[in-house]
Amino acid sequence: MEKQIKEIIVVNFKSIFGLEIQDDLIQFQETKKEFQGDLTLVLFPLIKLLRTSPIEVGQKIGDFLKNNISSIRDFNVVSGFLNIVLSENYWIDSLNEIERNVSYGYVDQDSKSTIMVEYSSPNTNKPLHLGHLRNNFLGYSVSEILKANGYKVIKTQIVNDRGIHICKSMVAWNNFSPLNEKGEKETPENTGVKGDKLVGKYYVEFEKHLNVEIDSIISSWKSGDFQGFNKEIITEYTRLIKSINKEDGKSISKIDSKIEDLARSNSSLMFEAKEMLRKWENKDPEVYLLWSKMNGWVYAGFDITYKSMGVDFDKIYYESDTFILGKDLVFEGLKNGVFYKKNDGSVWIDLSEYGLDQKLVLRSDGTAVYVTQDVGTAVDRYRDYIDLDRIVYTVGNEQDYHFKVLFLILEKLGYTWAKKCFHLSYGMVDLPTGKMKSREGTIVDADELIEDVINNAKEITQERGHIGDMNDDEKNELFHLIGMGGLKYYLLKVDPKKRMMFNPEDSIELNGNTGPFIQYTHARIKSMLRKVNHFDQIKYVSILSEEKEIIKQLLKFPSVIKEAGENYSPALIANYTYELVKSYNSFYQAIPILIEKNLEIKNMRLVLSKNVAKVIYLAMRLLGVQVPERM
RNA sequence: GGGCCAGUAGCUCAGCUGGAUAGAGCACCUCCCUUCUAAGGAGGCGGUCAAAGGUUCGAAUCCUUUCUGGCUCACCA
């Protein structure tokens with residue numbers, strides 16, 4: 001409607017006012033509740049142009065529109081605003097049109113280009129936690145939103161399966177795992193512990209033993225015992241100790257942590273871990289076997305978590321496969337002068353012309369760093385998918401700098417698609433107690449949280465007592481759907497860019513702006529519709545303001561999907577749905593439907609309800625939230 | 001210190017490229033189940049939009065400065 005009005009004004013502006021107009025001066029907004037009307041044209045820009053009174057401009061345009069657009073019934077001008085009143089038939093026609101379209105609001109699948117969405121991308125040394133949940137729900141949802149915008153989407157993740165972190169778990173498992181009566185070390189099978197949890201346990205175990213070793217190293221250094229350490233270390237240590245005496249109290253802790261680092265990098269455990277990494281890069285059979293065994297445990301564990309989260313992937317990349325290509329690309333870029341080599345053999349890129357620093361891309365020992373791998377992975381992806389248009393990286397905002405660097409490197413290497421790549425940067429999840437810190441044991445485990453929200457849903461749902469006749473499978477499915485719906489909605493309703501507060505109590509809340517509130521409205525509509533046999537095309541009946549309000553909301557859905565796609569923001573979908581549901585509940589509470597005597601009006605209200613349920617379903621699907629038939 | 005991001009009701013958050021008297025939920029206080037699911041609805045209380053300048057018909061929104069908080073500037077990932 002806005003588009004139509006805009007066009008007709010632009011085309012006829014000259015004949016009404018005698019001069020041309022730019023179409024961006026035609027600005028609409030929703031009519032405020034206090035005024036009569038359905039759509040409001042802001043007159044200020046026109047007044048400025050025409051140098052006449054708002055009343056005059058508004059009157060002229062209003063008259064013209066009323067005479068030329070049949071669905072415009074009336075208008076009024078209030079201090080610089082032209083409020084347009086649409087006819088009742090317009091709303092009925094709109095509703096009939098929405099009813100005809102089963103996937104209303106969605107653009108035809110695959111009508112646009114191909115986008116790869118990377119999300120999740122875990123390390124294989126620890127279980128998934130709350131931060132990963134935001135990441136996974138966000139990545140999944142953005143993928144679905146882009147699909148609804150007509151893009152072909154490839155969901156992917158890059159598994160960080162190699163590096164010093166996984167070697168730490170391997171070393172700890174080798175050294176510290178107890179043996180059972182059969183003489184076996186701990187495995188998921190013989191302990192019943194989920195694979196990712198078991199490997200994570202040994203990562204923690206490594207750090208514990210390491211800390212003990214560091215403490216003992218430092219205390220022997222303090223007592224002057226340097227046996228087993230070479231001269232460089234001793235010199236460095238004495239230099240640090242001396243500098244303490246010169247410095248004030250503030251920097252003592254800084255120096256302490258430097259001493260700690262020195263002890264760490266010279267501990268026997270770190271040496272073992274590094275040695276294992278070196279062996280792994282040389283494809284030492286024994287190490288490789290252990291590595292793939294322990295990673296296998298982790299994947300099996302992750303699969304369980306992914307399944308209950310309801311996310312999936314079309315293609316998985318592993319860093320162990322892509323880091324070599326990254327190195328090759330660096331050598332190539334070195335020849336082309338994109339990179340330069342320092343005396344110690346390390347390779348760098350100078351990004352100071354873009355306001356960034358110089359950045360290392362290859363260590364002096366020739367091994368790859370993080371960004372090197374990412375270069376390799378990106379190029380690999382464009383080789384795998386010829387028609388790939390862009391990659392969306394769902395990664396936390398602590399890596400903003402990293403992605404700036406990555407995209408610039410790719411650009412300098414001559415890849416034109418680099419400009420289109422996008423870092424979907426989201427904020428951290430804080431707890432009421434502050435940041436999540438592994439050292440302080442405040443990490444919220446994903447599996448445990450999921451279990452909690454499902455149990456809570458179970459408790460409340462049983463209390464409500466609408467599902468007495470369901471069998472156990474149906475019930476459990478429902479509890480899962482409600483619990484996860486609440487959790488996903490909670491994490492997705494906030495603008496992804498912003499850091500957010502995760503309050504465990506609020507997250508299982510079922511009232512107000514929550515997933516279950518929306519699911520409940522859907523269930524309520526569905527159970528009402530179950531009592532109806534058929535629906536007719538709606539006749540031109542008169543409609544109430546509550547009904548009109550809902551149709552207005554429904555009409556917004558396509559543009560909300562578009563906007564959510566452009567901004568990579570599930571929050572827009574969530575907030576939209578909440579508004580829709582609120583309007584509907586208001587209507588539902590105040591106006592009879594099934595018991596309405598006038599059959600044409602009753603039919604209209606039923607079709608309206610049916611389409612609210614449809615849009616709730618379609619919108620929630622974009623968030624990965626399912627909606628129940630009853631609850 | 002350099003770069004980036006944020007600051008809106010007691011708490012958690014909306015507020016689109018500047019537009020009418022800044023909105024929700026939670027919490028607190030009133031009401032409403034002999035109508036279809038009360039996980040609901042109607043109403044009340046609650047704001048110097050961090051602060052100060054500026055841009056203009058008009059600023060929570062744009063610009064500058066200051067304050068506060070976060071992230072980042074590794075031969076970690």
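Letters go in sequence order (proteins before strands), and every chain restarts at 1.
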Between atom [atom1] in [X] and atom [atom2] in [N], what is the gap in whole Å?
X	N	atom1	atom2	value
A:Asp495	B:U12	CG	P	16 Å
A:Phe44	B:U17	CZ	P	19 Å
A:Lys562	B:U17	NZ	P	14 Å

At a cut-off of 3.5 Å, list every protein nitrogen or oxygen paired with a nitrogen or oxygen from nucleotides 3-9 of chain B, distance to 0.1 Å.
none

Ion pair check, A:Lys6 and A:Glu2, cut-off under 4.0 Å |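 A salt bridge is absent here (no side-chain N lies under 4.0 Å from a carboxylate O).
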
Cationic N near anionic O, under 4.0 Å, A:Arg162 to A:Asp321 |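 The answer is no: the pair does not qualify as a salt bridge.
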
Summarise how protein sits on nucleotides 30-41 of chain B as a single string, 5' to 3': B when a protein heavy atom is under 4.0 Å from the base, S for sugar-phosphate-only contact, - for no contact.
-> -----SBBSBBS

Whole-Å [atom1] distance, [N] and [M]:
N	M	atom1	value
B:C11	B:C45	C1'	16 Å
B:U61	B:G53	P	14 Å
B:G44	B:G2	P	49 Å

For residues 46-58 of chain A, which side-chain N or O atoms pair as donor and acceptor with protein atoms under 3.5 Å away, sequence neighbours left out?
| residue | atom | partner | partner atom | Å |
| --- | --- | --- | --- | --- |
| A:Ser53 | OG | A:Glu56 | N | 3.2 |

What does [N] pair with, Watson-Crick or G-U, if both distances are under 3.5 Å?
N	value
B:A50	B:U66
B:A22	none
B:A14	none

Partners of A:Phe137 by ring-ring contact (aromatic ring centres under 6.0 Å, His included), sequence neighbours excluded?
->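 Partners of A:Phe137 under the ring-ring contact (aromatic ring centres under 6.0 Å, His included) test: none.
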
Go through the structure and list residues passing ring-ring contact (aromatic ring centres under 6.0 Å, His included) with A:Phe35, not counting sequence neighbours.
->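 Checked A:Phe35 against ring-ring contact (aromatic ring centres under 6.0 Å, His included); zero matches.
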
A:Asp374: side chain to side chain donor-acceptor pair (under 3.5 Å) partners, not counting sequence neighbours =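 Residues passing side chain to side chain donor-acceptor pair (under 3.5 Å) with A:Asp374: A:His402.
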
Would you jot down, in residue-number order, the residues of residues 33-42 of chain A having a non-hydrogen atom under 4.0 Å from RNA chain B?
->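 Result for residues 33-42 of chain A: A:Phe35, A:Thr40, A:Val42, sorted by number.
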
Check salt bridge (charged side-chain N to carboxylate O under 4.0 Å, His left out) between A:Lys526 and all other residues, then give those that pass, not counting sequence neighbours.
->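 Result, salt bridge (charged side-chain N to carboxylate O under 4.0 Å, His left out) vs A:Lys526: A:Glu629.
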
With sequence neighbours excluded, residues passing salt bridge (charged side-chain N to carboxylate O under 4.0 Å, His left out) with A:Glu319 |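 Result, salt bridge (charged side-chain N to carboxylate O under 4.0 Å, His left out) vs A:Glu319: none returned.
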
Using a heavy-atom cut-off of under 4.0 Å over every strand shown, decide if A:Glu509 touches base, sugar-phosphate, or nothing.
->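 Nothing, no nucleic acid heavy atom in range.
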
Quick one: label A:Pro432 by what it contacts on the DNA or RNA (base, sugar-phosphate, nothing), any heavy atom closer than 4.0 Å.
->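 Counting heavy atoms under 4.0 Å across all strands, no contact is made by A:Pro432.
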
Distance test, side-chain N/O of A:Arg162 to OP1/OP2 of B:C76, below 4.0 Å |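 A:Arg162 to B:C76 OP1/OP2: no side-chain N or O under 4.0 Å.
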
Please tabulate, one pair per line, all N/O donor-acceptor pairs under 3.5 Å involving side-chain atoms of residues 453-464 of chain A, not counting sequence neighbours.
| residue | atom | partner | partner atom | Å |
| --- | --- | --- | --- | --- |
| A:Asn455 | ND2 | A:Glu451 | O | 3.4 |
| A:Thr461 | OG1 | A:Ala457 | O | 2.5 |

What side chain to side chain donor-acceptor pair (under 3.5 Å) pairs are there with at least one residue in residues 493-505 of chain A, not counting sequence neighbours?
->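 Non-adjacent pairs meeting side chain to side chain donor-acceptor pair (under 3.5 Å): A:Asp430-A:Arg499.
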
Set of side-chain contact (heavy atoms from CB on, under 4.5 Å) partners for A:Ile593, sequence neighbours left out =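 side-chain contact (heavy atoms from CB on, under 4.5 Å) check on A:Ile593 returns A:Met528, A:Tyr584, A:Phe587, A:Tyr588, A:Arg605, A:Leu606, A:Ser609.
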
